[in-house]
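Comments concern the structure below.
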Amino acid sequence: MPPTVIQVRPLEVDELEAAWQLGRLAFGSAPTPAPSALAPLDGLTRYGAFDTAGRLLGKAVDLHHEQWWAGRRVAAADVAGVAVAPEARGRGVARALLRKLLADARERGAAVSALFPTITGPYRSCGWEVAGALRAVDLPTVALPAHRPAPELTVRAGGSADLAAVADLYDRIARHRCGLLTRRGGLFDQAPPTAGLPDGIDGLTLVEQDGHLVGYAAWSRGRGYDQHAVLTVEDILACTGGAARELVGVLASWRSVTPTVRLWPLAHDAVTAQLPLEQVRVHEERIWMHRPVDVARAVADRGWPTGTRGRVDFALTDDNAPWNTGFWRFEVDGGEARLHRIPDEPTLSLDVRGFALLYTGAADAYAVAEAGLSGGAAGADPGPLDLLGAGPRADVLDYF
C-alpha cells in the first residue's frame, strides 16, 4: 500500500464537529458534545491531519499551559485529545500531528511539553518519556487522625468570594515545585463567572490564621451514606502543619457517613505528612510523560538550585524536533542555567527521552544509561549528566 500523504494544520471552526466525533469514537465519550468543543477558544490550538482528498485522519490539541519550575513560569505545550481514525492507524498520522504541534509550539515560545498517554509507544517514538504518575488514593475515614482545633486557626466554609485567595495559596505552594500547572491564563481565565463554587465542587473548607488563608480543601460529597459512600477531595493544600492538621481533622469528621476519603496527594507536602500512608489504597493511576519542546529554552527559563554549580558537555539526539539535536554545553550556577552549542563532539551522548528523565528528576544518569538513553566513549562516566536533574522531582496535580 502506498504511503499516506498527510497534511497537518489548525482546524477551522466548521471542522470541529468532525474532530469531536473522531475523539468520541476513540475515547468513548458522551454522545453529545459540550458547547466549548465546537467553539473557538483561546489558550489552545486544535490540529487536524488530512489526506489529499481532505478527509480528516486524526486530531490533537496543544494546550497553551504554563508549568511552575522552581519559582519560574515555563511556557508549555501540553498535549491532549490525540486520536486517529481506525482506518488510518499505523500510517504515521499521530507522528505527523505531533511533529507539527512541536514545531508550532516552539514558534510561539513553548519550552516543555507534558501529556497523559493511553499508550506509551507512539509517544516514546516521538521523544516523550514517562516521568511520573498522577495517583488518586483511597483512605478509610476512620483511620484519619482526629484533631483538637487550634485556637490560633479559624476553620470555615468558603464560597465564590474566596476563590481568588485559594488560587493565590495554590501559587504560593506550587511555584517552588516543578511541573505543576500555574492554573493561570488561557483556558483557566475563561471559566464563566459564578455565584457559587466551580462545577463538581460541593464544599470548600478554609483554614485561616490572622485573617490569611493557610489551607483549603475542595470536595464533592458523592451519593449515599453506606459502606460504598466516598468523599472525594478534588484539591487539598496547606502551607503549615497546623493548617494541614485542621483539614485532615475535618475530613476525619465525615467517618459516620462516608467510610472512604479519596484524594490526590502531593508528594511530601504538609497534608501528606498528616496522612496514615500505610492505609492508602491506590484507586486510580494515570502515568504522565514529558519532553522538551525547545531544549535551550527549557533550561534557561526554569529555576535551578542556587547551591548547584557545574557544567557538562553532551550530544543530544531528537529526531522529531531537529532544532534540539546537536552538541551542547550545560552550565549552571547561582540558580541560573543555560545551554549553548559547542563545535566539537562531546564524550557523552543523550537521547531526548533521557533528557526528559533527567530534567524531571525521574531518573539519575546511571539509570538513564542503563535504559539505553545515553551513551558515550568506552568507559565514560555518565554521572556528570546528573547536573541536568538538579532540583526537586517534577509532579503533576491536574489531569488534562
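Positions are given from 1 along the sequence.
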Worksheet entry | Close side-chain approach of Leu98 and Asn320, heavy atoms under 4.5 Å | no

Fill in: Transitive ILVMFWY side-chain link Leu63 to Leu11, under 4.5 Å
no

Fill in: Under the ring-ring contact (aromatic ring centres under 6.0 Å, His included) test, residues paired with Tyr399 that sit two or more places apart
Phe116

Worksheet entry | Side-chain heavy-atom pair Val280, Arg135 within 4.5 angstrom cut-off | no

Response to the item:
The complete set of side-chain hydrogen bond (donor to acceptor under 3.5 Å, both in side chains) pairs with one or both residues in residues 5-18, sequence neighbours excluded, reads Arg9-Glu15

Discussion item. Rounded to the nearest 0.5 Å, what separates atom CZ in Arg329 from atom CZ in Arg338?
Written reply: 9.5 Å

Discussion item. List the residues meeting side-chain hydrogen bond (donor to acceptor under 3.5 Å, both in side chains) with Arg106, not counting sequence neighbours, and say none if there are none.
Written reply: Asp294

Worksheet entry | Side chains of Val82 and Val61 in contact at under 4.5 Å (non-hydrogen atoms) | no

Worksheet item: Run the side chain to side chain contact (heavy atoms under 4.5 Å, CB included) check on Thr317 and Leu350 step by step: do they pass?
Response: CA-CA 6 Å; Thr317 302; Leu350 190 60; over 6 Å; no

Worksheet item: So do Asp269 and Ile173 actually touch side chain to side chain, heavy atoms under 4.5 Å?
Response: no

Could you pull out all donor-acceptor pairs under 3.5 Å where a side-chain atom in residues 229-239 meets a protein atom, sequence neighbours excluded?
| residue | atom | partner | partner atom | Å |
| --- | --- | --- | --- | --- |
| Asp235 | OD2 | Arg183 | NH1 | 2.8 |
| Asp235 | OD2 | Tyr216 | OH | 2.9 |

Worksheet item: Under 3.5 Å, is there a donor-acceptor pair between the side chain of Asp318 and the main chain of Pro322?
Response: no

Fill in: Shortest non-hydrogen separation from Thr120 to Ile287 and the atoms involved
CG2-CD1, 3.5 Å

Worksheet item: Do the side chains of Leu373 and Val112 join up, straight or via other hydrophobic residues, at under 4.5 Å, putting them in one cluster?
Response: yes

Practice prompt. Taking the side chain as every heavy atom from C-beta outward, state whether Asn324 and Arg291 have any pair of such atoms under 4.5 Å apart.
Written response: yes

Worksheet item: Ignoring hydrogens and geometry, is there a side-chain-to-backbone donor-acceptor pair from Arg24 to Pro31 under 3.5 Å?
Response: no

Practice prompt. Verify, without hydrogens or angle tests, whether Lys59 (side chain) and Gly81 (backbone) share a donor-acceptor contact under 3.5 angstrom.
Written response: yes

Item to complete: Report the residues that fulfil ring-ring contact (aromatic ring centres under 6.0 Å, His included) with Tyr47, sequence neighbours left out, ordered by chain and then residue number.
Response: none

Discussion item. Could you see if Leu44 belongs to whatever hydrophobic cluster contains Phe400? Use Ile, Leu, Val, Met, Phe, Trp, Tyr and a side-chain cutoff under 4.5 Å.
Written reply: yes

Fill in: Inter- and intrachain pairs under ring-ring contact (aromatic ring centres under 6.0 Å, His included), touching residues 330-354, at least two apart
Trp304-Phe330

Practice prompt. Find the distance between CG (Leu387) and CG (Leu358) and round it off to the nearest 0.5 Å.
Written response: 10.0 Å

Practice prompt. Could you tell me which residues satisfy side chain to side chain contact (heavy atoms under 4.5 Å, CB included) with Thr306, sequence neighbours excluded, listed by chain and number?
Written response: none

Worksheet entry | Contacts of type side-chain hydrogen bond (donor to acceptor under 3.5 Å, both in side chains), residue Asp171, not counting sequence neighbours | Arg184

Item to complete: Give a yes or no on whether the backbone of Ala94 and the side-chain of Arg91 come within a donor-acceptor separation of less than 3.5 Å.
Response: no

Discussion item. Before we go on, tell me: are the rings of Trp69 and Tyr359 under 6.0 Å apart, centre to centre?
Written reply: yes

Discussion item. Holding to ring-ring contact (aromatic ring centres under 6.0 Å, His included), I want the full list of residues that pass it with Trp20, two or more places apart in sequence or in another chain.
Written reply: none

Discussion item. Determine whether Asp168 and Leu213 satisfy the following criterion, side chain to side chain contact (heavy atoms under 4.5 Å, CB included), listing intermediate values before the conclusion.
Written reply: CA-CA 9 Å; Asp168 288 343; Leu213 188 66; over 6 Å; no

Practice prompt. Check whether any side-chain heavy atom of Pro276 lies under 4.5 Å from a side-chain heavy atom of Leu139, and answer yes or no.
Written response: yes

Worksheet item: Which residues satisfy the ring-ring contact (aromatic ring centres under 6.0 Å, His included) test with Phe50, sequence neighbours excluded?
Response: none

Worksheet item: If you look at every heavy atom in Leu56 and Gly48, which pair is closest and at what distance?
Response: CD1-CA, 3.9 Å

Fill in: Heavy-atom check, side chain of Thr205 versus side chain of Trp219, under 4.5 Å
yes

Discussion item. Minimum heavy-atom separation for Leu197 and Gly158, please, with both atom names.
Written reply: CD2-O, 4.2 Å

Worksheet entry | Heavy-atom pair with the smallest gap, counting every atom of His65 and Asp78 | ND1-OD2, 2.8 Å

Contacts under 3.5 angstrom, residues 241-253 side chains, donor-acceptor by atom type, not counting sequence neighbours:
| residue | atom | partner | partner atom | Å |
| --- | --- | --- | --- | --- |
| Glu246 | OE2 | His147 | NE2 | 3.4 |
| Glu246 | OE2 | Ala150 | N | 2.7 |
| Ser253 | OG | Val250 | O | 2.5 |

Worksheet entry | pair Leu163-Pro198: side-chain heavy atoms closer than 4.5 Å | yes

Discussion item. Would the distance check show the side chain of Arg73 and the main-chain N or O of Thr182 forming a donor-acceptor pair, the cut-off being under 3.5 Å?
Written reply: no

Discussion item. Testing the 3.5 Å rule here: is there a donor-acceptor pair between the side chains of His290 and Ser113?
Written reply: no

Worksheet item: If you measure only the distance, is there a donor-acceptor pair under 3.5 Å linking the side chains of Gln279 and Asp138?
Response: no

Worksheet, complete the sentence: salt bridge (Lys or Arg N to Asp or Glu O under 4.0 Å) test vs Glu336 passes for just one of Arg309, Arg302, Arg72, namely Arg72

Practice prompt. Kindly say whether Pro265 contributes a backbone atom to a donor-acceptor pair with the side chain of Thr272 at under 3.5 angstrom?
Written response: no

Practice prompt. Please state whether the rings of Phe314 and Phe355 are parallel, tilted or perpendicular, taking 30° and 60° as the class boundaries.
Written response: tilted

Discussion item. Tell me if a side-chain donor or acceptor on Asp162 pairs with a main-chain N or O of Gly159 at a distance below 3.5 Å.
Written reply: yes

Item to complete: Go through Asp398 and Leu134 one step at a time and tell me if the side chain to side chain contact (heavy atoms under 4.5 Å, CB included) criterion holds.
Response: CA-CA 8 Å; Asp398 296 281; Leu134 176 60; over 6 Å; no

Worksheet entry | Considering all heavy atoms, the nearest Arg177-Asp395 contact | NH1-OD2, 3.2 Å

Discussion item. One thing to verify: whether Asp62 and Arg46 come together as a salt bridge, which I'm taking to mean a side-chain N less than 4.0 angstrom from a carboxylate O.
Written reply: no

Item to complete: Using the rule that two of Ile, Leu, Val, Met, Phe, Trp, Tyr join whenever any of their side-chain heavy atoms come within less than 4.5 Å, decide whether Val299 and Val332 are in one cluster.
Response: yes

Practice prompt. State yes or no: do Trp128 and Leu97 share one hydrophobic cluster built from I, L, V, M, F, W and Y residues joined by side-chain heavy-atom distances below 4.5 Å, directly or via other members?
Written response: yes

Worksheet entry | Distance-minimising heavy-atom pair for Leu339 and Trp328 | CB-CE3, 3.7 Å

Worksheet item: Which pairs, with at least one residue in residues 371-386 and sequence neighbours excluded, count as a side-chain hydrogen bond (donor to acceptor under 3.5 Å, both in side chains)?
Response: Tyr366-Asp381

Worksheet item: What's the verdict on side chain to side chain contact (heavy atoms under 4.5 Å, CB included) for Leu348 and Asp313, showing C-alpha distance, side-chain angles and the deciding distance?
Response: CA-CA 7 Å; Leu348 297 173; Asp313 297 345; over 6 Å; no

Practice prompt. Calculate, to the nearest 0.5 Å, the distance between atoms CD1 and CZ belonging to Ile6 and Arg99 respectively.
Written response: 10.5 Å

Worksheet item: So, Arg95 versus Ser125: side-chain donor-acceptor pair below 3.5 Å or not?
Response: yes

